[in-house]
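Okay, so here's the structure we're looking at.
By convention in this document, chain letters (A, B, ...) are assigned in the order of the sequence lines, proteins followed by strands, and residues within each chain are numbered from 1.
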Amino acid sequence: MLICFSLFLTDQIIPHTIFVFYLTGCTLLLFVVIRWEEERYTDGSKWRFLEHKGPVFAPPYEPLPDKVRFYYDGKPMKLSAPAEEVATFFAKMLDHEYTTKDIFRKNFYKDWRKEMTSEEKSKITDLNKCNFSDMNEYFKAQSEARKQMSKEEKLKIKEENERLLQEYGFCIMDNHKERIGNFRIEPPGLFRGRGDHPKMGMLKRRIRPEDIIINCSKDSKHPKPPPGTKWKEVRHDNKVTWLASWTENIQGSIKYIMLNPSSRIKGEKDWQKYETARRLKKCVDRIRAQYRDDWKSKEMRIRQRAVALYFIDKLALRAGNEKEEGETADTVGCCSLRVEHIKLYPKLDDQEYVVEFDFLGKDSIRYYNKIPVEKRVFKNLQLFLENKQPEDDLFDRLNTSILNKHLQELMDGLTAKVFRTYNASITLQQQLKELSCSDDSIPAKVLSYNRANRAVAILCNHQRAPPKTFEKSMQNLQTKIDEKQNQLSAARKQLKAAKADHKASHDDKSKKAVEVKRKAVQRIEEQLMKLQVQATDREENKQIALGTSKLNYLDPRISVAWCKKWAVPIEKIYNKTQREKFAWAIDMAEKDYEF
DNA sequence: CGACCGACTTGGACTAACGAGG
DNA sequence: CCTCGTTAGTCCAAGTCGGTCG
């Protein structure tokens, strides 16, 4: 289909643009922009030309003014610059719960000592005797001062940021100027893992040019390292999409500088992801029948595989790779579930065969769910649990690699995470169908959309901590509603009076007055409704995070089509960044799009 | 196979910027 | 115009999954 080529109309195209006029039917004139490199590379290469300016490094450490003191054992002590820098990382976090945690303190202290002079090392022997509060107050004052800056100063900073963005924030990939996602190198600091992370508090070291591998094309203008420094390496690997990388010192993993989601390369990948999920839609019935059948298999490994897949499909669980013990927080996904994470209830309340899940998933977010399952699944689970300890694997004959190999055989490109994408998107589509009502006002329609979105977020267990200001903001909103209600009854009274007046006088002036009052009532009613809808939406959203599903799981074409169908402006659903990311979908989907 | 690595997607928290209402 | 609360954007951690190597 020609429409495929009209992707990414919105971003900047440098040369080689071909304009084609294409006639369909007899009246419709399609204006299609083709970019020559949009023909997919078949050899696995991701680009032919790549040019960029390299990353922006964190500003160097600025020593504290002498008046800001660090106290050891009650006495002021001047620290060497390296020790002081690391101390400031801790001082800045003093208000955070982290700094009270034993592991955090222990890790910090250990790494801090490495930065101390031998003199400091012998003097400072106990973290509990360290007093950072003066430093902490200094930083608070600094950030306060930043907020109080004059308009001109703020503007100056903004302009400087803009300059940096213009210089380093873009690259050229295959004739397109593309926005870079993260062109700033992460500054040094203390590692903050999530959940019970064994490495929390460790020093994340400063990244220097000598740590950076640059990736660009041979024939491009290579980025220059800062004066007096060199890159670790400059390579020209067009089988990958990153522009620069370095190895981080906490887990020893590699970090990358890559393009923004609005870029062609990310957009096409995203599109592909949803196309895979749509292919799953076509064969999901077959696959479901298959795994149901496999529940009866003679082989334990196949039964385990089939039950795991059932959970992944039904509950949208993540695959659950194995993790190195002691290196990260203890979290699990489907394949790595342990006996201790589920409880079986042959009968619970008025339901049969209930499984209770309780485990920490990605980011140590708790997954808790009680769910009735088919008898066969239940019996299988009982079997899997036999003779096992709580810390044993539930699926001892299964891992993600086995599962994904199996899935690959069922459908080309199928992996565990495709089920999450598929189930998320299909749920949105179906919920939208169910909840949307043509008589609704735009805010009511948007509420329906958010509710559909919420159903997906709940399915995917996307939770958030209730915002700190939640209660207060709820109260504020309620106050506004009350006020609006008063306004409304006042307006209604006025309308009534105007009507009476008109009945008595029957003149044009009073007739007009009635109209004016009627309009006022109507306007206030609308405003009130809007507020009430907002309150409902917010309340329902207290602990649910919608962003992740919206950005990563929901085929944007469903939303675009819905907007077109119900005449809801796309801006009500996607903000500017999101519209940029989903430009391909906005451009592509018509109102009758079916996932 | 299984351990390990590399590349890429997904994730919630934090913070800066913005805009509605006083 | 200023303040305060909301929202968008940034940050960077933590997953998934494929490939390689012994």
Would you say that [X] contacts [Y] through its side chain, given a criterion of any heavy-atom pair below 4.5 Å between the two side chains?
X	Y	answer
A:Tyr61	A:Thr88	yes
A:Trp47	A:Arg264	no
A:Asp555	A:Arg278	yes

Between A:Glu322 and A:Arg192, which is nearer to the 5' end of DNA chain C once each is assigned its nearest nucleotide? A:Arg192
On DNA chain C, check which nucleotide each of A:Ser364 and A:Lys576 is closest to and give me the residue with the more 5' one. A:Lys576
Looking only at side-chain atoms of [X], point me to the closest of [options].
X	options	answer
A:Ile254	B:dG6, C:dC12, C:dC11	B:dG6
A:His462	C:dC17, B:dG12, C:dT16	B:dG12
A:Asn575	C:dA8, B:dC8, B:dG11	C:dA8
A:Lys362	C:dG15, B:dC8, C:dC17	C:dG15
A:Gln408	B:dA16, C:dT16, C:dG18	C:dG18
A:Arg194	C:dT16, B:dG11, B:dC8	B:dG11
A:Tyr256	B:dA13, C:dA14, B:dA7	B:dA7
A:Lys273	C:dC12, B:dT10, C:dG15	B:dT10

State whether [X] places a side-chain N or O below 4.0 Å from either non-bridging phosphate oxygen (OP1 or OP2) of [N].
X	N	result
A:Asn552	B:dT9	no
A:Lys158	B:dC18	yes
A:Lys417	B:dT10	yes
A:Lys46	B:dC8	yes
A:Ser253	B:dG6	no
A:Ser245	B:dA7	no
A:Asn404	C:dC17	yes
A:Tyr553	B:dG11	yes
A:Lys255	C:dC11	no
A:Thr241	B:dA7	no
A:Thr415	C:dC17	yes
A:His96	B:dC14	yes

For [X], answer base if it contacts any base atom (sugar-phosphate contacts may also be present), sugar-phosphate if it contacts only those atoms, and nothing otherwise; contact means non-hydrogen atoms under 4.0 Å.
X	answer
A:Arg318	sugar-phosphate
A:Asn321	base
A:Leu551	nothing
A:Gly547	nothing
A:Lys204	sugar-phosphate
A:Ala416	sugar-phosphate
A:Pro187	sugar-phosphate
A:Gln578	nothing

Describe, in one word, how the ring planes of A:Tyr310 and A:Tyr291 are oriented to each other, choosing from parallel (under 30°), tilted (30 to 60°) and perpendicular (over 60°). perpendicular
Between A:Phe132 and A:Phe90, what is the ring plane arrangement, given parallel below 30°, perpendicular above 60°, and tilted in between? tilted
First of A:Asn399 and A:Gly252 reached from the 5' end of DNA chain B, by closest nucleotide: A:Asn399
Pairwise 5' ranking along DNA chain B for A:Gln463 and A:Asp237, keeping only the more 5' one: A:Asp237
Please give, in whole Å, the distance from [N] [atom2] to [X] [atom1]?
X	N	atom1	atom2	value
A:Asn215	B:dG6	CG	C1'	13 Å
A:Asn238	B:dA7	CG	P	13 Å
A:Leu360	C:dA14	CG	P	13 Å
A:Leu165	B:dA16	CG	C1'	15 Å
A:Gln272	C:dC17	CD	C1'	14 Å

is_close_aromatic(A:Phe183, A:Tyr168), centroid dist under 6.0 Å: no
Taking side chain to side chain contact (heavy atoms under 4.5 Å, CB included) as the criterion, tell me which of A:Pro261, A:Ser263, A:Ser262 meets it with A:Glu580. A:Ser262
Can you tell me which residue among A:Asn404, A:Leu407, A:Val284 is in a side chain to side chain contact (heavy atoms under 4.5 Å, CB included) with A:Leu414? A:Leu407
